[in-house]
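Just follow the structure's listing: the first ligand is 1, and inside any ligand the first atom is 1. The residues of the chain are indexed from 1 along the displayed sequence. What's counted below: heavy atoms across the whole structure, side chains too, no hydrogens, waters or symmetry copies.
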Amino acid sequence: MNHSEKYGLFRDKIENALARYFEAEGIPRALRNAMAYSAGSGGKRLRPILLLAANELMQGDEAEALPFACAVEMIHNYSLVHDDLPAMDNDDFRRGQPACHRKFGEWLAILAGDGLLSYAFEIMLSETAKAGKERSGALVKAALAIARGAGVSGMVGGQCADMENENALDLEKLYYIHERKTGALIRASLEAGLLLCSPDDERLKAIRRYGECIGLAFQITDDLLDISEDAGKPTRSDEKNVKLTFPKVYGVEGAVDIARAKVEEAIAALGIFGDRNGFLVQLANAILTRKS
Ligand code: GRG
């Protein structure tokens, strides 16, 4: 199976499982529609795929990892719904479709984000509660890694710094924001996949390094896509917000060089996993050429 077939297989499993979660009883129809719309197809599913791939590195149990993968994708989608709101980035479109608040109105978009975030934790905790004594420790650690990546010292903290520093950024702040706003959940997804397999410290350190490096490379390529005419979203949204970006600081060539160096560093970190690491090596390389 080649890289894109394997990526597609992971994506299908995640999308099928997500659809089942949205079919659950007890979710008010309007909320279900807005949540399913936002987390529906169109996304790359990068974070849950990273989680499943990290889990596979150590021959983990995919059925056990899948709910955590869905949880991370729900958290990612909540962050996009809230980020698009008028009070934040004020974007009308997401993935070429009306943003959640444009389609359903603001209050329902806020609740859809809240719903996605709390559902993610409900899913992870109910899996942990169901697990036997032997497994529950590993599941708690995975959930904690995701909570930290998503939370006040991770993605939410990074978003706060970004909102506060809209017009007055220095380079240190640029790294601070991107390591948290974009990088933290990417890194946490990988960590969680590994933590389900009770890794040793060296392997955990290696996957964190990989996550930090691809997180930064991913953000840089996001900045580059933002200024490229090819991007499938209204271009120059960062310019609209007068934000400091990697291409603005380093120029396009300089930003590409940094992304390339980060991808190389990420791949080097995977050496410890031996020849099971092929998928994550290719995924890191694919970040450099991504078109969306
Ligand atoms: C509102 C708490 C809160 C956080 C928002 C992620 C985020 C934080 C804001 C999004 C702003 C942004 C465009 C960041 C650049 C990198 C990024 C996260 C892009 C979107 O992720 P993809 O490309 O999205 O993985 P898809 O559509 O593939 O799911």
I want to know if ligand 1 touches K44 in the polar sense, i.e. an N/O pair below 3.5 angstrom. yes
Under 4.0 Å from a heavy atom of G43: give me the atoms of ligand 1 that qualify, with their elements. 26 (P), 27 (O), 28 (O), 29 (O)
What I want to find out is whether E212 reaches R209 closely enough, with some N-O distance under 4.0 Å, to be called a salt bridge. yes
Determine whether more than 12 heavy atoms belonging to other residues, nucleotides or ligands lie under 6.0 Å from atom CD of E172. no
Can you tell me how the ring of Y21 sits relative to the ring of Y119, calling it parallel under 30°, perpendicular over 60° and tilted otherwise? perpendicular
Element-labelled atoms of ligand 1 that are located less than 4.0 Å from some non-hydrogen atom of Y78: 2 (C)
Are there over 12 heavy-atom neighbours, none belonging to N2, within less than 6.0 Å of that residue's CG? yes
Using a 4.0 Å cutoff against the non-hydrogen atoms of H82, which atoms of ligand 1 qualify? 1 (C)
With a 4.0 Å cut-off, would you call D170 and K173 a salt bridge? no
Atom CZ of R135: over 12 foreign heavy atoms under 6.0 Å: yes
If I apply the N/O under 3.5 Å rule, does H76 come out as touching ligand 1? yes
Of Q159, R95, M163, R47, the residue with the heavy atom nearest atom 5 (C) of ligand 1 is Q159
Note: ligand 1 atoms sitting under 4.0 Å from heavy atoms of Q219 are 15 (C), 16 (C)
